[in-house]
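Scroll down for the structure; my scribbles are underneath it.
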Amino acid sequence: MSQQFVVAPLLVALVTAIATLLTRRFGRAQVTLSLLGSLGYLGAVALLVSKVDPLGASNVFSYQLSGWQAPFGITIVADSLSAFMLAFSAVIATAALVFSASYVDSFGQRVSYHPLFHFMMVGVTGSFLTGDIFNLFVWFEVMLMSSYVLVVFYSGPEHTQAALQYVVLNLVGSAVMLLAIGGLYSTTGTLNMADLARRVADPAAFGDFAIAPVLGLSALLFAVFALKAGLAPFQFWVPSAYRAAPAPVSAMLAGVVKKVGIYAIVRVYFTVFGAAAISELSLPGLSVPDDGSALLAFYGPVMFVMAAASIVVGGLGAVSRDDIDGLLAYSSIGQVGFIVLPLAIAATAPTEEIRVLGVAAALVYALNHGFAKGLLFLASGAVYDAVGTERFPDLGGLTESAPWLSAGFFVGALALIGIPPLSGFFGKMLVFDAAGSASAAGVAGSNAALGIALVGAILTIAYFSRAWNRGFWGEPPLLVRNADAKVSLVAVVVALALAIALLGVGFDVVMQAANAGAEAALDRQGYIDAVLGAAEGGSGGGHA
Amino acid sequence: MQPTTDPAASAVLAVVFLPFVAAGLVPLVYRLVGERTAYYAAAIALACFGLVASQYGTHGAVSFPWIRSLGVSLSFYVDGLSLLVGFLASGVGVLILTYSGGYMHGEPSQPKYYASLLAFMGSMLGVAFAADLIALFVFWELTSLSSFMLIGHYQRQESSQYAARKSMLITVAGGLFMLIGFLLLHSVLLDVTSGSNAFSIVYMLENPELVQEELRSAGLFLPVLGLIGVGAAAKSAQVPLHIWLPNAMEAPTPVSAFLHSATMVKAGVYLLGRFRPVLVSHEWELLFAILGLTTMTVAAVLAVGATDIKELLAYSTASHLGLIVAGFGFASELGGETGAFHIINHATFKAALFLVAGIVAHEAGTRKIENLGGLKEDLPITAAITAVAALGMAGVPPFNGFYSKELLFEAAWEAAVHAGGGLAYLYPAVAVFGSVFTFLYSIRFLMLFFGEKPTGLHKVHSPPKAMLAPPLLLGVIAGLVSLGGILGTFGIHFAPFDHFVGEVWASTLPPGSDLHGGFSYYFPDHITPAVTMSAVTLVLGAASYPFYGRLHEGVNRVTDVNVLRANWYYNSAVFGLNGVSDTTAERVQNGLLRTYATWALASVAGLTLAGYAATSVTLPAFELSKVAVTVPILLVLLVAIVGAVAVSIAPSHISGVLTLSILGFMVAVFYVLADAPDLALTQLVVETLLLVIFLLVLDKLPAFYGNTDRAKMARDGVLSAAVGATVFVTVLVSTAATPTDGIASFFVEQAVPVGGGGNIVNVILVDFRAFDTLGEISVVAMAALSVLTLVAMRERGETQ
Amino acid sequence: MTQFVLAGVLGVLFALGTFLVLRRDIVRVVWGVTIISQSANVYLVTMGGLSGGVPILSHGGHGGGHAVSDPLVQALVLTAIVIGFGTTAFALVLTYRVYQEHGTIDLLELGEKA
Amino acid sequence: MSTVIARTVTRTVVPIILVTAIALLLQGHNLPGGGFIGGVLTVTAFALIYVIYGLDYLEEELLHQIRAPLLDSIRHGIVENYQVAFGVGLAVAVVAGLVPLVFGENFLYQSHWYIKPLPIYGKLHVASALAFDLGVYFVVVGALLTILAVVGTE
């Protein structure tokens, strides 16, 4: 029973966080430890991925913390879905950290930057891996607490104000999450997600508890996840927080932290609640399938409306922004809509194929958005570092003085627009494909989904082409002509751009991983067996 | 048909990827040879041309696996149509790149220029040969992208930026429509082909009837047709999406000649030719014949209104693309023939004319039509080239454009007759009307070389050889094609040429179509409806040419009316979008936490209550509950509420904090009564510490009492009530549930024997669920870090 | 009927918290958040059942000797209280810093400045 | 504020609080208490000294050490010690969780032993969880003191 690799990424991040906390007095050593820790994290994630997704197979591993058997102890679970999320998060995090080492001023690094960054990764990793709903709350809080501080990091007027909004909304969110967890525990008698999935699917076997409230309770939880993902109408904190945070932190917030909300939606609604035995469901104007996915039928329209609103608000808001960060922040709102749109389709899908396709599309889009938006925020940071501003009115002609940086930005923008063969194209294509397949299968609303996706995609072209013209072409002002982009920063941007191109050309691997992730997300029984079956077989019982 | 051999995989692969590799090497080459990079690039194009030529006579598909999990392969298909576009892309490429060697002398950013041109050529070759819907789309979008880069070549100029963005918005967005069309096609084919061929164009070409049938039965035939049509129309500048093409002339002239007349804009018509065998039908004819003829006419009229020679040529290009679209649109075999032949003719005369325009602009220093004239004295060879090309463009017999236009007239007439007359006679009528304008602007262009030299125009120098040779070659080819028609009348045919055009034609027809013994063309020797139409065109054209000036004015007066200009709609939309964007940002993200919280909380309440309503949750019976609230607990809770109310209406910060701690202490007492001593202790100490921190902080804050707006209070009250109601229902429904086998009993049983501790709560915290505690202390540690950061970074804030 | 009283109490507490969160004064907003999270804790404890016994066993090792209140929710709430303490402390210091940077704790004024 | 009475009371009360805090920490496994509560109570004792005597007294007279503050904006070097305390606390908790890995058990696995015979005490029950709880204790003490010191200094 040495499946320590499951917990390894979390431990590496945690140890790194503590090590960088204890070495604050020794600047150099701290940065070195931090970078080493980040590489170690990358390695731990790679190990986990290689175990979960060896060629041609996908496994589910569960690990009982403190050695207590599920569902009593806390379980962490590594399956293809978690592995997918962890894998791309680890890469983006490493890039952001390397960038930070030469971007954030050394005083800031010494104060708290590195421990906070790694604690954020602890929270992210814990959230991706945990198989316990309350434990999810705890890791959310770890992630949030560090992100609060990182948003307010520069501690100026705009930073404090942005953080205030971010903090208050999320504190309310935390309370709502507790409420939901309490209700679910009281209703079902468990906190373990696999156990929860088993119980809601067959309440008769567990005391015949009332299943009806589960939908409302899960809706409370959904709002919290939507808040984390920055989905309209919970997107309000996004623009100011992304503007306020240091560039690499914005890259993390948009590229990784938001995706935790997406992951939670996929995990909790498709894996855990997907088969809730809700039989009587009345949705005005909508038909409810009788194949045991009635709960998802409720979330289909909900997710659709939220996704559509996000796409429109984010896309429209981004067009005329006067600064790169603002544009990227609004863009993030819109892009999260693109991630959730195929989930809405998956929730209402009539066939298993379309359901898998929808979830896989969301995963691919999440990955692409992580890379592309991460790159763009880092590029924005590098521009700021070189020019001293990232406001369009003061920019122009960057391609002349910073060609590599501009090329990196261009690749990121094209990836989000969906120009092939960059990875972003496949994200967009799969979103269209999911909606198109649903449309061909006659699912209500799928044509609307196609339309919204198209509008959003055109808006993306509109705002990025405008940004390009204003910032990168045109007459360079003096500041830009004297710009001296730091090689270490530009290198990270270019490396990410290359990664985006490689992921597109070698998309087969990504697609297989996304498919495996989607299948894992929908393989409820596999998840339950891995957590509860395995526990009976061995790990926790014979304790002490 | 003679037996054909399969294409060579390596050659096809090389022809598509060689330009990309070469493009990647451009910066290096430029460093070595400087401006002579033009000839390096031309050599690459020549190599591609040779590779394409080596595949002449082959027919079939080669395939390489790419994204297996999606069924996407990198497969290529060689037939007449793809070879034609391949020849155009590489052949015109050779000429353009050579020409650039002279034209771009001393221009900035040449490496980017040549790299983009080569990448474009590769993309275009990819479009030509791709036999997989996704692979086709990949190359399709890459052509848009390289076009964006090239139009924006003079990146400091705002007009270039405007033009580049416009072309990107229109062509890339159009591409997205096409992508959706492809994906719908794919999802329909997925069931039929069991997945393996769902993206395969070859499969579709082999089973056109099946594909059409499946599409129709899924109700997706029209959507797919329309979506693919939008993609083609955007790329091939069909009305009203043509507006990007005139602006694209901001690019250096070789680019205009290459991308925006000879090749990239042909991608759209190529697409129609490619899908014609699969989708041709009554609806197809209606859609594309009308679209094409409209474009042909409208763009020809606009060309008459042009004041700049490149603008004139741009509208002319759109017009001729319309002609080709209309040709492909007509469902008869003749339609395919028209399109196939005119693609060739247009490429020769239009590329030649663009290069001529480049010479004129380069040597005369102006592109204004009114400032030019009498150029033949200084540029005799150029004048000769122009004569052949412009007369071909005008459709004057016996020049090459005449023969393909004859085919259009024939196809239009036949379609009208076939459709039983009536409104269908508009086809030939509009075709003639549009052709008159084509005649007019073509002659006007030719007249640049004749007549008086305007006073402002000085001695015009001869262009360098590198700039003269390419148009000369194109002019010679156009001349040869023209000659072929005359000879054809006497039964002498350029057999290989006719055979090739026949191959192209065959590619655009469904299997089993009648090619009437293969393609041949000749000067008409008897009166047919088409000949009559040609004659009418020439007579009307010649008769109205003297009034060209007035027509020019008239057209411009009409296009001054905003609502008649597609551009006006584009500009209004794009600039209007900025306003909408500002409004969105200001209204939605208004900076007020109250707005944000209102939306978020209202959504939480709404969503949750909707969830309860959807499952028709029933509130539990009055007496049934697992929760027994005793009287002391009740009293404590009531005091807590009083505390909370007092907090809400507290007149000052201090009183608020003190009442808040009453609430906190009541909660602690509640924990005592609820048999939770650890919680009570914790709550007590935490409450004390919080009180201290509150007081310390409040000491520094001003006393602030937000003045109360009654309307807002009422709204907040309603929202608060909704949130309260949500919680109320949540509490009620969750107290009613009675699951068995809850996990809690396990902890009670195991705490002492295995956990080794009597305080079950503590055993849970440090053993059963120590993982939670680990997270919890991380948060506490970070809270301390956060406070440090907030204070320490204060002075540093300004540095970033 | 007691559960109705309980539900009513919690509903009112949440409503009051919500009302405070919507105020202009940052300090009041923080109070609101505090009330909401304390109410969530109270809710969790009541879900464990109120009529058990103190979940502390004598060290003899007999497990099911007497019925105890659900110790799990108590542990969860303890975690939640501590986390809530950390975040509230941060929010308070943040409030102070907002005042330092902007010279106001009026959210309306803050919003208009942005 | 610092009247003679207050100072006298503080001198008496602080040791009592500290002893209670440590008792709560140690007995937490069996009786109400534990790392968190013990920690907060310890902080209360320090807070009392700090309120009555001021931070300078605590720093100079009681701990006899003056460290140069790492961050110039944090006036009191003692905050450094607090920070080390919560860093070390986290480290202790994590190491306590990691040790079982050496024995092939899972992260955070806890065990307990009876050590006997011992003079006077008879047998002693030692739970490995105490190490973890000790980590919690240090985190709480360090973190809360940091917050109080920083907020107080402002």
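Within every chain, numbering begins at 1; the chains are lettered A, B, ... in the order of the sequence lines, protein sequences first and strands thereafter.
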With a 4.5 angstrom heavy-atom cut-off, which part of [X] approaches chain B: side chain, backbone, both or neither?
| X | value |
| --- | --- |
| C:V30 | side chain |
| C:L22 | both |
| C:L107 | both |

> For B:F768 and C:L72, what are the C-alpha separation, side-chain angles and deciding distance, and is it a side chain to side chain contact (heavy atoms under 4.5 Å, CB included)?
Replying inline: CA-CA 10 Å; B:F768 291 106; C:L72 181 56; over 6 Å; no

At a heavy-atom distance under 4.5 Å, which candidate from [options] has the highest pair count against chain C?
| options | result |
| --- | --- |
| B:L696, B:L638, B:T682, B:N590 | B:T682 |
| B:A644, B:A751, B:A781, B:G775 | B:A644 |
| B:A676, B:A783, B:A744 | B:A676 |
| B:L701, B:V780, B:L719 | B:L701 |
| B:L679, B:L592, B:V697 | B:L679 |
| B:V779, B:T598, B:V647 | B:V647 |

Where on [X] is there a heavy atom nearer than 4.5 Å to chain C: the side chain, the backbone, both, or neither?
| X | result |
| --- | --- |
| B:V763 | neither |
| B:V645 | both |
| B:N759 | both |
| B:V667 | side chain |
| B:L634 | side chain |

>> Evaluate B:M713 against C:F19 for side chain to side chain contact (heavy atoms under 4.5 Å, CB included), listing each step before the verdict.
In response: CA-CA 8 Å; B:M713 297 273 264; C:F19 185 76; 3.6 Å; yes

>> I'd like to know if the side chain of C:R28 reaches the main chain of B:A650, judged simply by a donor and an acceptor atom lying under 3.5 Å from each other, with no hydrogens or angles considered.
In response: yes

Do [X] and [Y] have side chains that get closer than 4.5 Å, going by heavy atoms?
| X | Y | result |
| --- | --- | --- |
| C:V21 | B:R594 | no |
| C:Q100 | B:K700 | no |
| B:P677 | C:I56 | yes |
| C:Y43 | B:T730 | yes |
| B:Y671 | C:V77 | yes |
| B:F728 | C:F4 | yes |
| B:L790 | C:Y96 | no |
| C:I35 | B:L663 | yes |

Count the heavy-atom pairs under 4.5 Å between each of [options] and chain B, then report the option with the highest count.
| options | value |
| --- | --- |
| C:V93, C:V12, C:L16, C:L13 | C:L16 |
| C:V42, C:V73, C:D70, C:L10 | C:V42 |
| C:L76, C:L20, C:L94 | C:L20 |
| C:T87, C:T34, C:I26, C:N41 | C:N41 |

Straight-line distance of [X] [atom1] to [Y] [atom2], nearest 0.5 Å:
| X | Y | atom1 | atom2 | value |
| --- | --- | --- | --- | --- |
| B:L601 | C:F14 | CG | CZ | 10.0 Å |
| B:E776 | C:I81 | CD | CD1 | 9.5 Å |
| C:R97 | B:M793 | CZ | CE | 10.5 Å |
| C:L92 | B:L695 | CG | CG | 10.0 Å |
| B:L593 | C:L108 | CG | CG | 11.5 Å |
| C:Q74 | B:L765 | CD | CG | 10.0 Å |

Could you tell me which non-hydrogen atom of [X] sits nearest to which non-hydrogen atom of [Y], and how far apart they are?
| X | Y | result |
| --- | --- | --- |
| B:G664 | C:Q38 | CA-OE1, 3.7 Å |
| C:A89 | B:I693 | CB-CD1, 4.3 Å |
| C:A15 | B:G724 | CB-CA, 4.2 Å |
| B:D675 | C:P55 | O-CD, 3.1 Å |

> Hey, mind stepping through C:R24 and B:K712 against side chain to side chain contact (heavy atoms under 4.5 Å, CB included) and telling me if it holds?
Replying inline: CA-CA 11 Å; C:R24 282 169 62 182; B:K712 279 185 180 169; 5.8 Å; no

> Aromatic rings B:F694 and C:W31: how do their planes relate, parallel, tilted or perpendicular, breaks at 30° and 60°?
Replying inline: tilted

> Listed by chain and number, what are the ring-ring contact (aromatic ring centres under 6.0 Å, His included) partners of B:Y596, not counting sequence neighbours?
Replying inline: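 Listed in chain order: A:F236.
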
>> Using the side chain to side chain contact (heavy atoms under 4.5 Å, CB included) criterion, which residues pair with B:L689? Sequence neighbours excluded.
In response: C:F85, D:V40, D:V43, D:L144, D:L148

